S.K.: 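This is the structure, below, for whatever I ask next.
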Amino acid sequence: MKLFFRGAMLFAAAALCCGCGGARDAGRSWRYMDTGMGTVIEAVLYAPEDAASRFFDDSMALLGQLEREELSWRLETSEVFRINASAGSEEGCAISAEMASVLESCLELYGRSEGAFDVTLGALTRLWEIDSWAAGGGTGEFQPPSQEAISRAMRVCGSGQIRMETAQGETRVFLPEGMRLDLGAVGKGIAQSRLGRRLAEDAEITGAVISLGGSILTYGSKADHSPWRVGITDPFDPSAQVGTLSLEGQWCVSTSGDYERYVEAGGIRYHHILDPSTGRPAVGRVRGVTILTKDGLPGDGLSTACFLLGPEAGMALAAAYGAEALFLLSDGRIVLSEGMEAYFTRSPDRLPIPD
Ligand code: AMP
Ligand code: MG
């Protein structure tokens, strides 16, 4: 996924005026770029410069806090770390209302995807060392785990084994011994939801497009009211795009693809989306899925779930959530939900493949 920028890129949270206007800063946009949540964060903001700069600083702080205090499985300061450390204990772990709501959404998606989407795969994702694989692919000394190790890890996976109890306003979560949460499939979506809330509170930002490592949040409008344009990466050539989405107002665009994060070893490519039924990178007809939703958390979860389910079951699941979906298949076909057709324009060199 790529944003179409006018003008040159700027790095490390420096701002560039990308538009022009009459009154002070009116109609101008400001571009920022930085790293956060282990990925590149880019933002184009339509606002007076001081408001844009403040918003971007606040956003980076918010993302840092989200990682540090809630989502990271590595940092001892995070809620996920504490939940994982409590696995097997009788008292479980008290969690915040935000975390309870995230886990409830994840458990619901687990059920509705018939177990394809599962945030309890931490033992497997660590076994496969997914966090060490480079975005955009890498090679190295990677050795795929043995079947025995995979089978062992699979025994401590499965959202059906989680228990949540709420009493006197406090929610506790109980994980069986050895289970590890991995919220990697929804982290960017949660961030999109939080940034969307923050944007709605800031009257000075009239338009914004924010990319979190390819997950895109759009908001408001540009000065000239032309739509936001979001490119859809071609899985066969990630430097190219199969088409663009034209969006107005607030949307969350989430993509899951086998070309996003992977490692090659012994001539085999291993990607980062695991099939819970095999404990291995999913094998199927899908190379990428893009989901369009109003809110980020379901959208991010759905892109992962739909990648695993394939176009038929995936389309039905997306529809059940009121989401639009675009599937890029391994034979080069592009399959769109009916509603997605209104937003998607194919690149001129990507004519539909006849049936
Ligand atoms: P995404 O790129 O949003 O599709 O999320 C992929 C990430 O979610 C991986 O890097 C893993 O951390 C985690 N993950 C892998 N397989 C699954 C799965 N079947 N269900 C939920 N999370 C998964
Ligand atoms: Mg996802």
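Atoms within each ligand, like the ligands themselves, are counted from 1 in listed order. Every value quoted in this text rests on a predicted model; they were computed, and no experiment measured them.
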S.K.: Looking only at heavy atoms, is any part of Asp275 under 4.0 Å from ligand 1, and if so is it the side chain, the backbone, or both, or is it neither?
M.R.: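 No part of Asp275 comes within reach of ligand 1.
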
S.K.: Using a 4.0 Å cut-off to any heavy atom of Asp300, which atoms of ligand 1 qualify?
M.R.: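 Those atoms are 3 (O).
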
S.K.: For a distance under 2.8 Å, give residue and atom name for each protein N, O or S atom next to the Mg ion (ligand 2).
M.R.: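 Per the 2.8 Å query on the Mg ion (ligand 2), atoms found are Ala185 O, Asp300 O, Asp300 OD1, Thr304 OG1.
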
S.K.: Do Arg280 and Gln147 meet the criterion of a side-chain donor-acceptor pair at a distance under 3.5 Å?
M.R.: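 Yes, side-chain donor-acceptor contact under 3.5 Å.
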
S.K.: Short list, please: which atoms of ligand 1 are under 4.0 Å from a heavy atom of Gly184?
M.R.: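 So the answer, numbered in order with elements, is 5 (O), 7 (C), 8 (O).
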
S.K.: Would you check if Leu247 and Leu292 make a side-chain contact, meaning some heavy-atom pair closer than 4.5 Å?
M.R.: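 Yes, side chains in contact.
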
S.K.: Using the side chain to side chain donor-acceptor pair (under 3.5 Å) criterion, which residues pair with Ser193? Sequence neighbours excluded.
M.R.: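 Asp295.
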
S.K.: For Thr304, take its heavy atoms, then give the atoms of ligand 1 lying under 4.0 Å from any of them.
M.R.: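 Under 4.0 Å from Thr304, ligand 1 has these atoms: 1 (P), 3 (O), 4 (O), 5 (O).
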
S.K.: Can you confirm whether more than 12 heavy atoms, excluding those of Glu114, are under 6.0 Å from its CD atom?
M.R.: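 Incorrect, the count does not exceed 12.
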
S.K.: Under 4.0 Å from ligand 1, counting heavy atoms only, is it the side chain of Ser254, its backbone, both or neither?
M.R.: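 Within the 4.0 Å criterion, Ser254 makes no contact with ligand 1.
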
S.K.: So which protein heavy atom does atom 21 (C) of ligand 1 come closest to, and at what separation?
M.R.: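 Residue, atom and distance for the closest contact: Asp118 O, 3.1 Å.
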
S.K.: Would you indicate whether the side-chain heavy atoms of Arg194 and Leu66 approach each other to under 4.5 Å?
M.R.: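 Answer yes - side chains close enough.
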
S.K.: Just to verify, what does Glu79 make a side chain to side chain donor-acceptor pair (under 3.5 Å) with, not counting sequence neighbours?
M.R.: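 Testing Glu79 for side chain to side chain donor-acceptor pair (under 3.5 Å), a comparison that skips the adjacent residues, returns Ser96.
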
S.K.: Can you pull out the closest protein heavy atom to atom 16 (N) of ligand 1? Residue, atom name and distance to 0.1 Å, please.
M.R.: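 Checked against all protein heavy atoms, atom 16 (N) of ligand 1 sits closest to Leu274 N, 2.9 Å.
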
S.K.: Show which atoms of ligand 1 fall inside a sub-4.0 Å distance from at least one heavy-atom site of Ala185.
M.R.: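 The atoms of ligand 1 under 4.0 Å from a heavy atom of Ala185 are 3 (O), 5 (O), 7 (C), 8 (O), 21 (C), 22 (N).
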
S.K.: In the protein, what heavy atom is nearest to atom 18 (C) of ligand 1, and what distance, to one decimal place, separates them?
M.R.: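 Nearest protein contact, heavy atoms only, for atom 18 (C) of ligand 1 is Leu121 CD1, 3.5 Å.
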
S.K.: Show me which atoms of ligand 1 lie under 4.0 Å from any heavy atom of Ser256.
M.R.: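 The atoms of ligand 1 under 4.0 Å from a heavy atom of Ser256 are 1 (P), 3 (O), 4 (O).
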
S.K.: Enumerate the atoms of ligand 1 whose separation from the nearest heavy atom of Asp182 is less than 4.0 angstrom.
M.R.: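 Selected atoms, number and element: 11 (C), 12 (O).
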
S.K.: What protein heavy atom lies closest to atom 14 (N) of ligand 1? Include the residue and the distance to one decimal.
M.R.: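 Of every protein heavy atom, His272 O, 4.3 Å lies nearest to atom 14 (N) of ligand 1.
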
S.K.: Cut-off 3.5 Å, side chains only: do Ser303 and Ser254 have a donor facing an acceptor?
M.R.: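 No pair is found: no donor N or O on one side chain lies under 3.5 Å from an acceptor on the other.
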
S.K.: Can you find a heavy atom in the side chain of Ile162 that is under 4.5 Å from one in the side chain of Leu175?
M.R.: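 Ile162 vs Leu175: side chains touch.
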
S.K.: Does the side chain of Phe56 reach to within under 4.5 Å of the side chain of Arg54, using non-hydrogen atoms?
M.R.: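 No; the side chains remain at least 4.5 Å from each other.
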
S.K.: Do we see a donor-acceptor contact under 3.5 Å between the side chains of Ser347 and Gln241?
M.R.: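 No.
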
S.K.: Counting heavy atoms only, which part of Asp131 comes closer than 4.0 Å to ligand 1: side chain, backbone, both or neither?
M.R.: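 No part of Asp131 comes within reach of ligand 1.
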
S.K.: Before giving the answer on side chain to side chain contact (heavy atoms under 4.5 Å, CB included), spell out for Leu107 and Met164 the whole-Å C-alpha distance, their side-chain angles and the decisive distance to 0.1 Å.
M.R.: CA-CA 10 Å; Leu107 294 181; Met164 272 168 69; 4.0 Å; yes

S.K.: Using a 4.0 Å cut-off to any heavy atom of Ile273, which atoms of ligand 1 qualify?
M.R.: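 Near Ile273, the atoms of ligand 1 are 4 (O), 15 (C), 16 (N).
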
S.K.: Salt bridge or not for Arg269 and Glu264, using N-O below 4.0 Å?
M.R.: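 Salt bridge: yes.
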
S.K.: Give the atom numbers and elements of ligand 1 that come within less than 4.0 Å of a heavy atom of Ile130.
M.R.: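 Counting atoms of ligand 1 from 1, those under 4.0 Å from Ile130 are 10 (O).
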
S.K.: Filter on ring-ring contact (aromatic ring centres under 6.0 Å, His included), then keep only pairs touching residues 177-200, sequence neighbours left out; what's left?
M.R.: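 For residues 177-200, and leaving out neighbouring residues, there are no ring-ring contact (aromatic ring centres under 6.0 Å, His included) pairs at all.
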
